[in-house]
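Data first, discussion second: the structure below is written as structure tokens.
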Amino acid sequence: RKEVEQDPGPFNVPEGATVAFNCTYSNSASQSFFWYRQDCRKEPKLLMSVYSSGNEDGRFTAQLNRASQYISLLIRDSKLSDSATYLCAVSRGGGSYIPTFGRGTSLIVHP
Amino acid sequence: SQTIHQWPATLVQPVGSPLSLECTVEGTSNPNLYWYRQAAGRGLQLLFYSVGIGQISSEVPQNLSASRPQDRQFILSSKKLLLSDSGFYLCGLGGGSRGGYTFGSGTRLTVV
């Protein structure tokens with residue numbers, strides 16, 4: 001099993017739709033979790049951290065399920081500008097906060 | 001605020017040529033710095049990280065090397081490039097328990 005796995009997609013959704021991505025991780029000792037957004041041929045940018053209790057930032061909601069070892073990102077009311085690749089990052093654990101990145105999930109929002 | 005500068009943006013180099021990519025940061029001292037590579041269709045691969053001047057940890061054995069000659073400068077080098085070195089190289093800043101990374105704008109390297 002890979003350390004961090006994501007469905008590469010693409011997820012093709014209409015504007016206004018709600019879409020959710022999952023990211024599974026193998027190291028139960030992982031302590032830090034993040035979602036990044038990467039536009040085509042650009043650097044990844046931190047979208048949000050994922051906290052144990054779940055957290056929300058506008059239309060974006062991130063959740064952590066430690067028992068099943070996955071994190072999720074929910075995007076409500078999708079906009080055309082949400083089209084991008086979404087990378088999850090999970091720390092290695094064992095005292096290291098260096099993250100391992102997933103390969104990303106591609107989202108395409110169409111009119 | 002913290003900023004990270006990376007150059008050049010694009011580079012085309014012949015096989016066997018040397019490489020030097022530079023990353024500098026502003027607005028912070030004693031940062032943790034990272035070099036990542038993203039090959040086409042693949043995830044981000046950690047190459048090196050540094051927690052201070054002269055301190056380099058290598059993640060993947062390869063023909064690349066890194067140096068940190070100053071607190072806010074991180075350099076990625078190669079003496080002889082291989083075709084497999086092609087990719088998108090990203091310098092990362094920060095991390096830690098709460099913060100994610102800030103990445104530089106990246107260098108897209110094509111080895112021909």
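Small disclaimer: the values here were computed from a predicted structure and weren't measured. All chains are named by letter (A, B, ...) in the order of the sequence lines, taking the proteins before the strands, and each is independently numbered beginning at 1.
Residues B:L90 and A:P44 form a side-chain contact, since some pair of their non-hydrogen atoms from C-beta on lies under 4.5 Å apart.
The distance from atom OG1 of B:T102 to atom CD of A:E43, rounded to the nearest 0.5 Å, is 9.5 Å.
B:V15 and B:V12 are members of different hydrophobic clusters when ILVMFWY side chains are connected at heavy-atom separations under 4.5 Å. A continuous path of Ile, Leu, Val, Met, Phe, Trp and Tyr side chains, each step under 4.5 Å between heavy atoms, connects B:L11 with B:L64, placing both in one hydrophobic cluster. Cluster annotation: A:V19 is connected to A:M48 through the hydrophobic network of ILVMFWY side chains, with a link wherever side-chain heavy atoms come within less than 4.5 Å. Residues A:L46 and B:L46 are members of one and the same hydrophobic cluster, defined by side-chain heavy-atom contacts under 4.5 angstrom among Ile, Leu, Val, Met, Phe, Trp and Tyr. Cluster membership check: B:Y89 does not share its hydrophobic cluster with B:W7, using side-chain heavy-atom separations under 4.5 Å among Ile, Leu, Val, Met, Phe, Trp and Tyr.
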Full working for ring-ring contact (aromatic ring centres under 6.0 Å, His included) between B:Y101 and A:Y36: CA-CA 9 Å; B:Y101 287 170; A:Y36 287 78; 7.0 Å; no
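Scanning residues 47-54 of chain B against chain A with a 4.5 Å heavy-atom cutoff picks out B:Y49, ordered by number. Inspection of non-hydrogen atoms places no residue of residues 70-78 of chain B under 4.5 Å from chain A.
Under the disulfide (SG to SG under 2.5 Å) criterion, the residue pairs touching residues 23-81 of chain A are A:C23-A:C88, with sequence neighbours excluded. Residue pairs satisfying the disulfide (SG to SG under 2.5 Å) criterion with at least one member in residues 8-44 of chain B, sequence neighbours excluded, are listed as follows: B:C23-B:C91.
Chain B forms the most heavy-atom pairs under 4.5 Å with one residue out of A:R41, A:K45, A:K42, and that residue is A:R41.
A donor and an acceptor atom, one from each side chain of A:Q38 and B:Q38, are located under 3.5 Å apart.
For B:F88, the part lying near chain A is the side chain, with the backbone staying farther off; criterion is any non-hydrogen pair under 4.5 Å. Of the two parts of A:I98, the backbone and the side chain both hold a non-hydrogen atom closer than 4.5 Å to a non-hydrogen atom of chain B.
Heavy-atom neighbours of A:R76 CZ from other residues, nucleotides or ligands within 6.0 Å: above the threshold of 12.
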